[in-house]
Peer 1: 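Dropping a structure here in structure tokens format, bear with me for questions.
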Amino acid sequence: VFPSLREGFGIPALEARLASVPVAVSTSSALREVAGLDAPSFAPDDAAACARAIRAALAQPSDALEAARARAAAITWDAKKPNLYLFDVD
């Protein structure tokens, strides 16, 4: 469960997907993109929605988790490099 208000990339969600572990993620960050649109999501300030998302995540069938693992495996640093922007912050 990742109730983040701010998440730069979502490495924990990606690692969970790679391990075929159910995930429930916040809607307010990059977690939806990394975990996939099929990952149950919730507003981070809504405890009831979080509970529903957790239940939905735990109810996902193994074939859905395997499909999510395969999608997560396609996310590599080489694939993401063209979309990364580095900023020099003084």
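Numbering starts at 1 and runs along the sequence shown. Scope of the values below: all heavy atoms of this structure, side chains included, with no hydrogens, waters or symmetry mates.
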Peer 1: If the condition is side chain to side chain contact (heavy atoms under 4.5 Å, CB included), which residues does Pro3 pass it with, not counting sequence neighbours?
Peer 2: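 So Pro3 forms a side chain to side chain contact (heavy atoms under 4.5 Å, CB included) with Val1, Phe42.
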Peer 1: So Leu5 and Ser26, side-chain contact (heavy atoms from CB on, under 4.5 Å) or not? Walk me through it.
Peer 2: CA-CA 7 Å; Leu5 294 173; Ser26 167; 5.9 Å; no
Peer 1: Are side-chain heavy atoms of Ile54 and Pro40 found at a separation under 4.5 Å?
Peer 2: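 No; the side chains remain at least 4.5 Å from each other.
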Peer 1: Strictly by side-chain hydrogen bond (donor to acceptor under 3.5 Å, both in side chains), give each pair with a member in residues 44-61 just once, sequence neighbours left out.
Peer 2: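 Checked against side-chain hydrogen bond (donor to acceptor under 3.5 Å, both in side chains) - neighbours excluded - no pair reaches residues 44-61.
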Peer 1: Report the hydrophobic cluster partners of Leu65, with the cluster defined as I, L, V, M, F, W, Y residues connected by side-chain heavy atoms closer than 4.5 angstrom, directly or transitively.
Peer 2: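 Grouped by the 4.5 Å side-chain rule, Leu65 forms a cluster of one, so the answer is none.
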Peer 1: For residues 9-25, which side-chain donor-acceptor pairs fall under 3.5 Å, sequence neighbours excluded?
Peer 2:
residue : atom : partner : partner atom : Å
Arg17   : NE   : Ala35   : O            : 2.9
Arg17   : NH2  : Ala35   : O            : 3.1
Arg17   : NH2  : Asp38   : OD1          : 3.4

Peer 1: So, for Ser41 and Arg32, which heavy atoms are closest and what is the spacing to 0.1 Å?
Peer 2: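 Looks like OG-NH1, 3.0 Å.
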Peer 1: Side chain of Ser28, backbone of Ser4: donor and acceptor closer than 3.5 Å?
Peer 2: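 Confirmed, Ser28 side chain pairs with Ser4 backbone.
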